[in-house]
Amino acid sequence: MPRSQAKSLDHHHLPAGARLFSAGDLGDAAYLIVSGRLEIVLERPEGDLILAHRGPGEIVGEMAILDHQPRSAAVRALEDSELVVITEEQLAHRIAQTDPILRMCLGVVLSRYRQTVAILEQMKGTAPPPVLGADAPPSETFAAALGALSLEREIRAGLRNGEFELYFQPIVRLSSRRLAGFEALMRWRHPTRGLVPPIEFIPAAEASGLIVDLTAYAFEEVGRVFPELLLAAQTNPGALDGPLFMTVNVSGRDLAGASFPEMIADFLARTRIAPSSLKIEVTESMLMDDPERAAAALTQCRNAGLGIAIDDFGTGYSSLSYLSTLPVTTLKIDRAFVRTLLADQTSRGIVQTILRLADDLAVSVVAEGIEQAGEADLLAGMGCAFGQGFYFGRPAPLAGALSAIATWPTPTDHQAALRLIA
Ligand code: C2E
Ligand code: MG
Ligand code: MG
């Protein structure tokens, strides 16, 4: 089939006996077989060597677009066949996004397979061997795979050695400026690298599955410190606006695991922390990893009494349909909109729209990343209930959170301050 035809069509009908491509062709597409039957053939003067048959549910032609080598064999239709085309661009984009370890394995498997086919050819001694794939995958893939593996090993060791800790950032009721809760944020006190922020280890923890252990650790820590925070609140009751809550970030991998709701139920039973004082934060993209399992896990958590917050709201690429099916209780407006709020009319419009949506859905809103008084005032005026950001307090270890509670200005302090200003 001509290359341009494969590229321009997403469906392809191949009549019985027709050839999809020949050995040596430059491949620019792979094909999902919807119906029919195809054969992979080494065509040689002394007779064809059939390597394999492929049928519905299988793929052909993937090798050449994975390693950019000429087709190593021909493919012909044994029956009328319906194929769906995957272009080289579609595949390249997906591969670039995959884990480096997986990419490396794929490269090696392909290279080995091509070598085997070449040896097969040489043993017959008839046709020239096909061009061999590169023996080793590109060195940056190797380096990335090595880096990912060593980071994983370090995270595992870090978990064993107690190198992870939680920081806590205040969440404030904007109308009263009193303390409403804290978000628990993970830090890694690395023996040589110092304090490592989550962006440098959470993605690797998610890819390796170690996030499940980090999340379990986060809940253990919350169970340990939350009573201390409540005690501190008793020393400065004016600091608080309602019962104090704690939010914990969880990932799609946590929600996809069968044991997550059990872990939560066990946590609640052991710690006796009121479920309503605990919220789970998930991003939209995490919900999309495995929407059904995520929905089931979140529903179980909500039924147990926990709040469910959508983190970084407005930055995911998903549809909003999940809002009508998931038991969401809070939307957290991403920092990107808050940062540009004062200067940019569009951001203000987006925030207003999110606030209206939240109102319709009867869920609360937290604005993230408030860094200036002007942003806090504007958001309060727009009717946003809660705010979080460096303006109110940076994430801090437990001692910092305890002292934030103890020294949080009471409304009387606010009034006194306002009188002084006036
Ligand atoms: P997030 O959950 O959206 O957390 C808010 C992030 O914004 C935190 O970054 C916080 O330090 C930062 N931030 C808060 N206020 C401001 C501000 O006013 N200005 C600026 N520039 N930044 C502000 P952090 O702690 O580095 O965490 C980054 C992300 O890592 C979190 O985003 C969350 O997605 C993830 N993460 C953190 N801890 C955990 C965890 O225990 N488990 C999981 N699964 N993810 C976590
Ligand atoms: Mg969060
Ligand atoms: Mg966020």
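Order of listing sets the numbers, starting from 1, for every ligand and every atom in it.
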Engineer: Determine whether any heavy atom of Lys332 lies closer than 4.0 Å to an atom of ligand 1.
Structural biologist: no
Engineer: Please work out whether any backbone atom (N, CA, C, O) or any side-chain heavy atom from C-beta onward of Glu368 is under 4.0 Å from ligand 1, and answer side chain, backbone, both or neither.
Structural biologist: side chain
Engineer: Out of all atoms in ligand 1, which are within 4.0 Å of some heavy atom of Pro198? Include the element for each.
Structural biologist: 24 (P), 25 (O), 26 (O), 27 (O), 28 (C), 30 (O), 36 (N), 37 (C)
Engineer: Protein heavy atoms: any of them under 4.0 Å from atom 46 (C) of ligand 1?
Structural biologist: yes
Engineer: Nearest protein heavy atom to atom 9 (O) of ligand 1: under 4.0 Å?
Structural biologist: no
Engineer: Does a side-chain N-to-carboxylate-O contact under 4.0 Å join Asp377 and Arg177?
Structural biologist: yes
Engineer: Does an N or O from Met186, backbone or side chain, lie closer than 3.5 Å to an N or O of ligand 1?
Structural biologist: yes
Engineer: Taking only heavy atoms of Ile211 into account, list the atoms of ligand 1 that are under 4.0 Å away from them.
Structural biologist: 44 (N)
Engineer: For ligand 1, indicate whether the residue Asp311 contacts it via side chain, backbone, both or neither (heavy-atom separation under 4.0 Å).
Structural biologist: side chain
Engineer: Would a distance-only check, ignoring hydrogens and angles, find a side-chain to backbone donor-acceptor pair under 3.5 Å from Arg189 to Gly194?
Structural biologist: no
Engineer: Could you tell me whether a side-chain N or O of Thr407 sits under 3.5 Å from a main-chain N or O of Ser403, the two making a donor and an acceptor?
Structural biologist: yes
Engineer: Could you tell me whether the side chain of Asp334 and the main chain of Ala336 form a donor-acceptor pair under 3.5 Å?
Structural biologist: yes
Engineer: For Glu58 and Gly55, indicate whether the former's side chain and the latter's backbone hold a donor-acceptor pair under 3.5 Å.
Structural biologist: yes
Engineer: Looking at Arg253 and Glu206, would you say the former's side chain and the latter's main chain have a donor-acceptor pair under 3.5 Å?
Structural biologist: yes
Engineer: Is it the case that the side chain of Asp254 and the backbone of Ser251 share a donor-acceptor pair, with hydrogens and angles ignored and the cut-off at 3.5 Å?
Structural biologist: yes
Engineer: Report the part of Asp312 (side chain from C-beta onward, or backbone N, CA, C, O) that has a heavy atom under 4.0 Å from ligand 1; answer both or neither where that applies.
Structural biologist: side chain
Engineer: Quick check on contacts: which atoms of ligand 1 are under 4.0 angstrom from a heavy atom of Ile370?
Structural biologist: 18 (O)
Engineer: Could you give me the CA-CA distance, side-chain angles and deciding distance for Phe201 and Leu210, then say whether side chain to side chain contact (heavy atoms under 4.5 Å, CB included) is met?
Structural biologist: CA-CA 10 Å; Phe201 63 86; Leu210 288 168; over 6 Å; no
Engineer: May I ask you to decide if Trp408's main-chain N or O and Asn236's side chain share a donor-acceptor pair within less than 3.5 Å?
Structural biologist: yes
Engineer: Does atom CD1 of Ile199 have more than 12 heavy-atom neighbours, drawn from other residues, nucleotides or ligands, at distances under 6.0 Å?
Structural biologist: no
Engineer: With a heavy-atom distance limit of 4.0 Å, tell me whether Leu166 approaches ligand 1 through its side chain, its backbone, both, or neither.
Structural biologist: neither
Engineer: So, for atom 41 (O) of ligand 1, does the protein have a heavy atom nearer than 4.0 Å?
Structural biologist: yes
Engineer: State whether the side chain of Ser81 and the backbone N or O of Arg37 hold a donor-acceptor pair below 3.5 Å, judged by distance alone.
Structural biologist: yes
Engineer: For atom 11 (O) of ligand 1, what is the closest protein heavy atom, and at what distance to 0.1 Å?
Structural biologist: Pro395 CG, 3.3 Å
Engineer: How does Gln169 reach ligand 1, if at all, at less than 4.0 Å between non-hydrogen atoms: by side chain, backbone, both, or neither?
Structural biologist: side chain
Engineer: If I consider every N, O or S atom in Glu183, which one ends up closest to the Mg ion (ligand 2)? I only need its name.
Structural biologist: OE2
Engineer: Under 4.0 Å from a heavy atom of Glu371: give me the atoms of ligand 1 that qualify, with their elements.
Structural biologist: 17 (C), 18 (O), 19 (N), 20 (C), 21 (N)
Engineer: With distance as the sole test, does Arg103 use its side chain to make a donor-acceptor pair with the main-chain N or O of Thr98 at under 3.5 Å?
Structural biologist: yes
Engineer: Can a non-hydrogen atom of Arg394 be found less than 4.0 Å from any atom of ligand 1?
Structural biologist: no
Engineer: Quick one: does ligand 1 sit under 4.0 Å from the side chain of Arg335, the backbone, both or neither, non-hydrogen atoms only?
Structural biologist: side chain
Engineer: Please list, in number order, the atoms of ligand 1 under 4.0 Å from a heavy atom of Leu185.
Structural biologist: 4 (O), 8 (C), 10 (C), 25 (O), 37 (C), 38 (N)
Engineer: Among residues at least two apart in sequence or on other chains, which ones pass salt bridge (charged side-chain N to carboxylate O under 4.0 Å, His left out) with Glu154?
Structural biologist: Arg193
Engineer: Does Ala376 offer a backbone N or O that forms a donor-acceptor pair with the side chain of Tyr391 under 3.5 Å?
Structural biologist: no
Engineer: Looking only at N/O atoms, are Phe390 and ligand 1 under 3.5 Å apart anywhere?
Structural biologist: yes
Engineer: Counting C-beta onward and ignoring hydrogens, is there a side-chain heavy-atom pair between Phe386 and Ser175 closer than 4.5 Å?
Structural biologist: no
Engineer: Please walk me through it: do Ile310 and Val363 pass side chain to side chain contact (heavy atoms under 4.5 Å, CB included)?
Structural biologist: CA-CA 11 Å; Ile310 303 298; Val363 301; over 6 Å; no
Engineer: Spell out the protein N/O/S atoms under 2.8 Å from the Mg ion (ligand 3) as residue plus atom name.
Structural biologist: Asp311 OD1, Asp312 OD1, Glu368 OE1, Glu368 OE2
Engineer: Can you tell me if Arg270 has over 12 outside heavy atoms packed within less than 6.0 Å of its CZ?
Structural biologist: yes
Engineer: Distance check below 2.8 Å: does Asn249 bring an N, O or S atom to the Mg ion (ligand 2)?
Structural biologist: yes
Engineer: Heavy-atom pairs closer than 4.0 Å: do any link ligand 1 to the side chain of Ala218, the backbone, both, or neither?
Structural biologist: neither
Engineer: Between ligand 1 and Arg187, is the shortest N or O to N or O distance under 3.5 Å?
Structural biologist: yes
Engineer: Is ligand 1 less than 4.0 angstrom away from at least one heavy atom of Gly369?
Structural biologist: yes
